[in-house]
Novice: 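Before I ask anything, here is the structure I am working with.
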Amino acid sequence: MKTVRAICVALILALGPMTAHAAPQVSPENWAAYKQHFLEASGRIVDNANGGISHSEGQGYGLLLAYLAGDAAAFQLIWSFTRTELLIRDDGLAAWKWDPATSPHVGDINNATDGDILIAYALGQAGAAWGDPQLTAAATRIVKAIGRNGLWDHQGRTLIAPATTGFAAGEQADGPVVNLSYWIFEAFPLFAQLDPSVDWNKVGGDGLAVLAAAKFGPHKLPPDWLSLARRPRPATGFTAEFGYNAVRIPLYLARAGIVRPDLTRSYIKDGRFAITDIATGAAKDTLDDPGYRIIPAISACLTDGSPVPDELRRFAPVLYFPSTLHLLALAHLAAHDGDCR
Amino acid sequence: MTRTLATFTAGFVTGAAALWSAPTLLGAAVAGPEIDFITTRATSGYSEGMGSTADRLRFAQPRSPEEPQAQTQTQAQAPAQPQPAPTGGDPVVDASALRYFARQGDTRRLQAEIERLKALYPDWVPPADPLAVPTNSDPRLDAMWKLYAEGKYAEIRKAIADAQAADAAFQPPQDLVDRVAVGEARQRLTNASDLKQYGTVVQIGADTPSLLTCGDVDVLWRLAEAFAQTDRPDRARDAYIYILKNCDDPGERLATVEKALPLLSRDRIDELMAQERTGPDGKGEFAAARADLVRRNVAAGGKEPPETVAADDVAAMSAIAEREGLASDALLLGWYHLRARDAASAETWFRRALDKEPGAEPAQGLALALLELKRPADAEAILSKWLSGASEEVRQVYLASVANTLALVPPPTLTPEVLARMVAAVAAARDAAAAQQFGWYAHALGQEQTAVQWFAAALAWKPDEEPAAYGLALVSHLLGDKDRVADLQRQWAGRSERIDRLTQRPDRRGDAAPRATVQTAEARIDRTETSSSGAPASARSAAQAAAPRGCRRTEEYARLSGSAALNRGWCLLDLNRPIEAARAFEQAIRDGGGKVRSDAAWGQSLAYLRAGLTDEASVAASKAPQSRERSVELEASILSTRASNFFDQKRYGETLLALDQRARIAPERLELMVLRGYAYVELRRLGEARRVFETLAAAGNKEGRRGLGVIDAVTGNGN
């Protein structure tokens with residue numbers, strides 16, 4: 001018990017801005033709007049663009065945003081659902097998908113490691129900030145489970161496996177296949193404290209190194225799914241595009257305080273992202289939701305100091321995914337007094 | 001006194017109301033001997049924290065009902081969730097749940113709650129009029145208990161946090177907090193169990209001992225299943241026995257045994273059965289489960305390979321079948337006795353099953369029993385009624401019945417009607433073995449011309465069938481057809497000594513007529529239990545396992561003993577030399593006895609199957625009288641084969657002639673329309689060809705489109 005307390009104190013000190021008395025990084029109005037749109041009374045975050053399903057990623061985002069909004073009640077609600085319905089795997093990771101239309105609601109017991117990372121990260125922060133050892137213990141269990149079952153050692157690098165099954169060498173023709181948007185860099189320092197037996201610092205560093213090498217096609221873009229069987233290349237089993245996964249990469253870098261314009265400058269065209277075919281460079285879809293547009297705006301701000309426009313600071317939720325990214329981006333600005341760094 | 005669990009059991013959302021009404025399965029603080037419940041960590045992948053908790057927990061030996069109820073619950077909680085343990089003295093009774101249920105007028109839950117509180121606090125005196133207890137003073141608690149009654153645990157957690165945010169002094173009752181945790185654990189355990197995450201199930205059970213009570217037997221069942229599925233059968237048995245020792249609901253007790261049946265071995269099931277209670281009527285409460293157990297055991301004896309069945313079980317099964325008169329039970333006994341080589345008993349039970357519920361399966365079993373009893377003609381008569389739409393298995397048994405009937409010595413007298421249906425079946429199946437027997441049968445009756453036709457047909461269907469060639473040569477020799485005999489001797493030179501010797505030593509003819517080559521029907525069939533979930537390899541793998549390797553060298557296997565020939569047959573079949581294998585099996589059939597003979601016949605049928613069938617038309621079949629339906633089927637089949645052969649020989653005009661003849665008696669099948677189309681193409685009757693292929697294409701047949709492409713290519717060349 002003494003050790004747990006010591007760690008908690010250390011974390012609270014380390015994470016200074018998010019003590020109970022600080023202003024929440026997600027404003028009460030924005031959070032209320034988000035909850036109204038995407039949080040069910042049962043505690044599940046509803047992906048309204050995907051048939052109303054829920055997933056471990058959404059639950060992780062929900063927990064993180066509830067923490068950033070300082071809403072312990074919503075946090076308890078979302079956590080109860082997540083633990084009861086998804087955190088049922090023998091290995092301590094979360095089942096990735098929950099469908100209200102099927103019985104049982106979990107039809108596929110596979111996990112999604114970014115969901116596990118988000119859940120553990122939110123639990124760890126909330127446990128430290130709110131002095132709740134049960135949350136910290138739950139976070140530690142998941143972080144250790146990720147360390148045991150969610151990482152690959154491959155050619156000297158420590159990689160994040162997208163899931164425990166389906167992506168390894170031998171499971172994909174050109175496996176291992178990774179998803180660079182599963183590197184949620186801001187979580188790794190906390191993970192390193194919760195489970196010192198895993199070199200989480202190396203996980204982050206190796207992610208950046210792979211990211212630097214993942215530039216393909218006329219626009220030098222990373223694909224959502226990347227094969228590392230030999231030299232990095234777009235994985236053959238997936239659509240080779242810069243897609244809805246990869247757009248999160250600049251946001252995660254910014255939130256982690258990693259300022260590397262060289263890595264992500266090529267992702268942005270005329271201040272926006274486009275879903276882009278890697279080989280041809282053809283844009284399939286331009287992303288106009290402010291939840292997407294605020295990410296290049298923060299990148300630009302980090303690069304040359306241009307301010308993030310006010311129109312992107314207004315939150316009007318429509319779809320789960322961009323609205324979630326929007327609140328995370330706004331939380332980043334709030335943590336820096338409205339600035340990007 | 002025994003606990004009155006039934007009232008608690010009925011549908012209480014979490015079962016929590018019954019938590020204290022029975023000793024807990026994983027309680028740690030009970031007096032009495034303890035045995036390890038979880039002695040080792042799970043074999044795979046628990047997270048550390050969980051595993052270490054599991055290691056510390058122990059399983060309390062359930063007390064006998066006479067012992068006084070001791071309050072054990074809170075001390076048995078997992079270390080991760082420490083709570084104040086009421087240690088005697090003057091406990092503060094939390095009656096908020098009582099008040100909530102009283103206000104709702106929910107008398108069932110109210111009563112359960114009173115029982116719970118009485119068990120928890122022995123000195124507590126329940127209110128004289130429970131419905132008159134004062135309502136909760138705090139509406140927030142009322143709302144929380146309402147959510148609790150609805151099983152909305154996540155929302156209670158939210159409500160507690162909301163209340164605390166608004167009022168820092170708010171403290172929810174510890175009882176409510178505990179119950180929410182238990183309710184969540186139950187849901188999580190159920191979800192994990194549904195997804196076969198047995199490690200999680202065991203872990204939650206270990207962490208939440210208050211879940212493991214008679215109030216919620218479903219959780220105990222799921223836990224027992226999780227143990228059984230993770231190779232901990234003794235732990236599974238302990239959990240089931242816990243239920244049987246402590247829980248009283250008759251339906252749940254019976255269901256407990258029935259759930260254990262497929263998961264536990266026989267000896268452990270017997271331990272469960274030992275917990276049977278006798279009702280006021282003198283009947284054991286597990287009678288139904290015992291019957292299922294007996295059925296399961298006897299059914300295992302009817303499988304391949306058969307398991308040994310205790311004589312007690314057979315006797316019990318017979319008694320059940322007599323008493324309940326179910327066709328399925330009679331069938332079960334039929335298969336068992338057939339496998340146990342008691343064909344007479346098998347016949348009795350199969351006949352009962354057939355009388356009760358006529359069907360192909362009891363008919364098939366009965367036919368097999370009759371074949372075993374050397375009454376093939378009876379078998380043929382029974383099965384002939386079940387051929388329409390019959391399974392391949394049934395057809396095989398029927399063909400075996402036919403072959404064995406024809407092989408009887410002396411040759412039986414068969415009515416035209418019986419002969420007709422036998423001919424039709426043999427011709428439709430192109431069964432060389434039965435055709436060959438028809439040859440010998442005709443030969444025995446002096447009908448040598450007919451014998452020639454049958455031997456020729458057998459040889460056409462299986463060109464490497466030496467006995468058929470021998471029969472053909474023999475009868476041709478008798479008829480003075482020297483050309484055919486010479487032809488056969490040339491074809492079989494070096495492969496059949498007896499065909500070669502036929503003209504040199506006419507005095508030896510006939511002594512080798514292979515009456516004994518008929519395969520036993522059982523060997524041709526792989527019977528498994530009562531359904532066709534068979535593993536055809538099972539019979540042979542046992543024999544194969546014993547087979548010495550090394551049969552590449554060609555040997556004179558006439559010198560081998562029956563069992564050596566059998567081994568050699570399996571070996572050759574492994575080397576994919578089926579024709580040689582069939583000959584080795586043939587010798588084993590001739591020289592071996594009992595089991596060898598049966599295995600060899602089975603091997604030979606596999607070998608012939610591996611060799612495949614060739615296409616030839618049967619002309620012999622048309623000479624025997626047949627029903628109109630059968631003769632149409634047969635004629636159509638012969639004509640399609642003939643058409644196909646003509647086409648192969650590039651005789652396109654005759655192809656069309658055969659197809660036209662066939663079209664007059666039966667609708668043209670798609671593949672024959674394709675044949676017709678290409679015959680037209682070859683004859684350059686392109687207009688007619690195009691119409692055929694267009695019809696096919698319109699029916700969505702891809703051969704139609706391909707044919708149209710061919711026509712286009714042909715006309716393109718013509719231009």
Side-chain angles (χ1 to χ4, degrees), chain A residues 1 20 35 39-44 59 66 70-95 98 102-111 126 130 132-134 136-149 164 195 197, chain B residues 41-53 78-82 147 150-166 168 170 172 177 180-204 207 222 226 229-230:
Chain A
M1 189 51 91
K35 283 196 289 187
L39 176 61
E40 243 190 22
S42 63
R44 73 182 185 96
Q59 297 303 115
D71 184 348
F75 191 95
Q76 290 292 345
L77 180 69
I78 300 167
W79 170 226
S80 175
F81 180 91
T82 306
R83 195 161 55 100
T84 309
E85 296 292 321
L86 298 181
L87 213 59
I88 56 177
R89 287 171 50 100
D90 281 347
D91 63 6
L93 299 174
W98 193 99
T102 64
S103 177
H105 296 301
V106 172
D108 173 8
I109 196 62
N110 206 4
N111 72 315
W130 299 338
D132 185 335
Q134 284 193 24
T136 305
T140 306
R141 278 198 294 273
I142 299 174
V143 171
K144 287 183 174 177
I146 298 169
R148 272 196 306 273
N149 301 300
T164 52
D195 181 11
S197 72
Chain B
R41 288 189 51 181
T43 45
S44 64
Y46 298 141
S47 59
E48 269 173 36
M50 294 175 162
S52 54
T53 307
Q81 296 177 331
L147 290 171
E150 294 164 358
K152 294 177 174 172
Y153 310 120
E155 290 175 59
I156 299 173
R157 290 201 180 275
K158 175 177 182 296
I160 293 171
D162 276 336
Q164 286 174 327
F170 177 81
V177 174
V180 167
V182 170
E184 285 175 332
R186 183 190 192 283
Q187 280 183 357
R188 189 162 169 253
L189 181 145
T190 304
N191 288 332
S193 168
D194 285 346
L195 272 294
K196 302 188 186 343
Q197 299 297 296
Y198 299 119
T200 303
V201 172
V202 170
Q203 201 54 57
I204 296 171
D207 288 348
R222 289 174 185 270
Q229 298 286 4
T230 50

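Just so we're on the same page: letters track the sequence lines, and every chain starts at 1. Values reported hereafter were calculated over all heavy atoms of this structure, with side chains retained and with hydrogens, waters and symmetry mates removed. As the structure is a computational prediction, the values presented were derived from the model and not from experiment.
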Novice: Whether the side chain of B:N191 engages the backbone of A:L86 through a donor-acceptor N/O pair (distance < 3.5 Å, no angle test) should be reported.
Specialist: no

Novice: With A:S80 as reference, evaluate B:K152, B:R157, B:E184 under the side chain to side chain donor-acceptor pair (under 3.5 Å) test and give the passing residue.
Specialist: B:E184

Novice: I'd like to know if the side chain of A:T84 and the backbone of B:R188 have a donor-acceptor N/O pair within less than 3.5 Å.
Specialist: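 Answer holds: no.
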
Novice: Going by the rule side-chain hydrogen bond (donor to acceptor under 3.5 Å, both in side chains), which residues pair with B:D194 if we only count those two or more places apart in sequence or in a different chain?
Specialist: B:R222

Novice: Can you tell me how far CD of B:Q187 sits from CZ of A:F81, rounded to the nearest 0.5 angstrom?
Specialist: 10.0 Å

Novice: Quick one: ring pair (Phe, Tyr, Trp, His ring centres under 6.0 Å) partners of A:W79, sequence neighbours excluded?
Specialist: none

Novice: Output the distance between atom CD1 (A:I109) and atom CG (B:L195), rounded to the nearest 0.5 Å.
Specialist: 4.0 Å

Novice: To the nearest 0.5 Å, what is the distance between NZ (B:K196) and CG (A:D90)?
Specialist: 12.0 Å

Novice: Flag the one option from A:S42, A:G107, A:A72, A:A41 with the top tally of heavy-atom pairs under 4.5 Å to chain B.
Specialist: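 Heavy-atom pair counts peak at A:A41.
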
Novice: Could you go through the side chain to side chain contact (heavy atoms under 4.5 Å, CB included) check for B:K158 and A:Q76 one step at a time?
Specialist: CA-CA 6 Å; B:K158 175 177 182 296; A:Q76 290 292 345; 5.6 Å; no

Novice: Just wondering, do A:L77 and B:E155 contact through their side chains at under 4.5 Å, heavy atoms?
Specialist: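 Yes, side chains in contact.
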
